[in-house]
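This report refers to the structure that appears directly beneath it.
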Amino acid sequence: MDYRHRFIDERPCDLPVGKVVCVGRNYLAHIRELGNEVPAQPVLFMKPSTALVGLERPIRLPTHGRECHHELELAVLIGQRLSGVEAAVVAGAIAGYALAIDLTLRDVQAELKAKGQPWELAKAFDGACPISPFVPPEALPEPQRADLRLRVNGRVRQQGNTGQMMRGIDELIAYISQVFTLLPGDVVLTGTSEGVAALRAGDRLELELDGRFRFSAEVA
Ligand code: ZN
């Protein structure tokens, strides 16, 4: 894997590529569509750095499952070490925002859930986190009021706003930092809104952040 973090203006990013910490069930409408319970605490899981892949590469669907769902999420690039911090300091440690797809083998996840087993096979495989270049924080001054939109083959599949998060970005990252130290170059995925569905070979994806930043991708 030769993934490197980069910014939308092709400005290089000197942050190393770290882990990806993700939250499940952070948007009510998505919790309802999968029939899940509203969690008392954030549902956290991780993807290794080998899950990250640039959106410019064709998305490769894994072969150890049948239904690989897209989950469009706001991704946050961590710029400073965060350990046991308060929410108030989080904003100053953010190095950028991107759109990521939390690829999820839904059929595999359903089997793992039924057996009470961890989710890595469904969510942490190689290439499980296609991600756009990062928008610098100054270019997205209100990250908690940003529209997220995913079109697949020209049709809107997912449409949400970061204002619909049950736990906002700063609170979520502060919570994560109580358990997992976040290092410069780590990425946090903030959960998906509703509309998750399976991707198929040849699908063309258009991702849009805040109605201003557009990225395209294709399924191999
Ligand atoms: Zn997700």
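What you see below is based on every heavy atom in this structure, not just the backbone, and it leaves out hydrogens, waters and symmetry mates. By convention here, the first residue in the shown sequence is residue 1. Order of listing sets the numbers, starting from 1, for every ligand and every atom in it.
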Minimum-distance atom from the Zn ion (ligand 1) among N, O or S atoms of Asp102: OD2
Measure from the Zn ion (ligand 1) to every N/O/S atom of Glu71 and report the name of the nearest one. OE1
Are more than 12 heavy atoms from other residues, nucleotides or ligands located less than 6.0 Å from atom CZ of Arg4? no
Name whichever N, O or S atom of Glu73 ends up nearest to the Zn ion (ligand 1). OE2
SB check Glu208 Arg149 (cutoff 4.0 Å): yes
Tell me, do Ile59 and Leu205 make a side-chain contact under 4.5 Å, heavy atoms counted? yes
For Ser193 and Gln164, does a side-chain donor sit closer than 3.5 Å to a side-chain acceptor? no
